Amino acid sequence: MCRHLAYLGPPVTVSSLVLEAPHGLLRQSYAPADMRGGGTINADGFGAGWYPTAGADAVRYRSAAPLWSDASFAATAGATCSGALLAAVRSATVGMPVTDTAAAPFVHGRWLFSHNGVVRGWPQSVAPVAAGLPVTDLITLDAPTDAALLWALVRHRLREGADPADALAAVVTEVAAAAPGSRLNLLLTDGSGIWATAWDHALSVRTTPDSVLVASEPIDSLPTWNAVPDRHLVVARPGHHRVEELTTPGDS
């Protein structure tokens, strides 16, 4: 069901977080610690997105290959520094395609997005939700996957001017109501803030005075990681974060 992370802070190499960290995404691709029944490895592709200069749109590298097999990415990641990063490794849901376009991050301008989880009953369960999107958004999805649809739903709200936290909360609660039992950990950044949800899957956050890191699993053994409670939203910037409860319309 994938693993992902987002970082904001002093510039670091992409490799330091994704490949070199003791339990970074490279290790999580073949030895994840908390998949919660969502598979055993994350070998169905990967991606990373970052910002080449201050104020620039995001750039992205995606592949359908396992992270450990891509020497070109390793070279690029070791030579690339950024103060903002979102990366993911993928475990494809049975029946969904394994292509580079199905791998996170999804990108639009400065926005980078990832989904860790699964939409139950796909695609019938969320057809009524998808019907609210513009037709052009539906026919230009990156891939015929639940993650790509979730991104289209979030992006549509962002385009209409929604606050990022409100956009994620609205999508998670709407999809959870339409497809009970779904796992909906969404991760979003624009290079200045991070927004993430924990919905029936693992998520942790670590904040220092000048940085913040949000990840499916802690990438090292430092004691400063905090587990995000289930069904909560994280809003984070370097130096601080807050956690808010998420509720569906039927919750008491």
Side-chain angles (χ1 to χ4, degrees), residues 1-9 34-36 38 49 58 84-88 104-108 110-120 126 129 132 146-208 211-219 224-252:
M1 286 191 182
C2 313
R3 307 275 80 185
H4 56 205
L5 64 80
Y7 166 83
L8 299 175
D34 193 0
M35 290 288 282
R36 303 194 182 186
L85 165 74
L86 189 152
F106 300 95
V107 65
H108 179 76
R110 289 189 57 79
W111 295 109
L112 291 165
F113 173 86
S114 176
H115 167 227
N116 168 24
V118 61
V119 172
R120 302 296 184 191
V126 287
V129 177
D146 52 1
L149 176 64
L150 291 168
W151 168 229
L153 293 168
V154 170
R155 183 183 60 193
H156 180 60
R157 285 167 170 78
L158 294 173
R159 285 173 172 167
E160 291 191 326
D163 176 83
D166 293 339
L168 287 195
V171 169
V172 166
T173 55
E174 184 177 20
V175 172
S182 296
R183 294 185 175 183
L184 300 168
N185 279 28
L186 310 186
L187 183 61
L188 178 71
T189 186
D190 63 353
S192 62
I194 296 172
W195 299 265
T197 60
W199 190 278
D200 287 356
H201 219 324
L203 189 69
S204 293
V205 58
R206 183 178 75 197
T207 305
T208 71
S211 70
V212 63
L213 183 58
V214 179
S216 298
E217 301 177 10
I219 66 171
T224 47
W225 287 96
N226 294 290
V228 178
D230 188 35
R231 304 198 175 196
H232 280 70
L233 168 79
V234 178
V235 179
R237 296 184 186 276
H240 63 91
H241 73 273
R242 72 176 191 270
V243 178
E244 304 171 357
E245 187 176 8
L246 291 166
T247 58
T248 60
D251 292 337
S252 57

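As the structure is a prediction and not an experimental result, all values here were calculated from the model. For this chain, numbers begin at 1 and follow the sequence in order.
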Closest non-hydrogen atom pair between [X] and [Y], with its separation:
X	Y	answer
A196	L203	CB-CD2, 3.9 Å
P105	L86	CB-CD2, 3.7 Å
A179	V119	CB-CG1, 3.9 Å
V205	T207	CG2-OG1, 4.1 Å
A236	L8	O-CD1, 4.3 Å
V212	P238	CG1-N, 3.8 Å

Distance-only, no hydrogens or angles: does the [X] side chain make a donor-acceptor pair with backbone N or O of [Y] under 3.5 Å?
X	Y	result
T197	W199	no
D190	G193	yes
H241	I194	no
E217	D34	yes

Task: Aromatic plane relationship, F113 with F106 - under 30° parallel, 30 to 60° tilted, over 60° perpendicular - done: tilted
Open item on the list: With rounding to the nearest 0.5 angstrom, report the CZ to CG distance, R110 to L158.
Closed with: 13.5 Å
TODO: Applying salt bridge (Lys or Arg N to Asp or Glu O under 4.0 Å), name anything that partners E245, two or more places apart in sequence or on another chain.
DONE: none
Open item on the list: Checking H4 against H115 for the side-chain contact (heavy atoms from CB on, under 4.5 Å) test, could you report, in this order, the C-alpha distance in whole Å, the side-chain angles of both residues, the deciding distance, and whether it holds?
Closed with: CA-CA 8 Å; H4 56 205; H115 167 227; 5.9 Å; no
TODO: Look at R157 together with E174 and state whether they make a salt bridge at an N to O cut-off of under 4.0 Å.
DONE: yes
TODO: Flag the pair R3 / H201 as yes when at least one side-chain heavy-atom distance between them is below 4.5 Å, and no otherwise.
DONE: yes
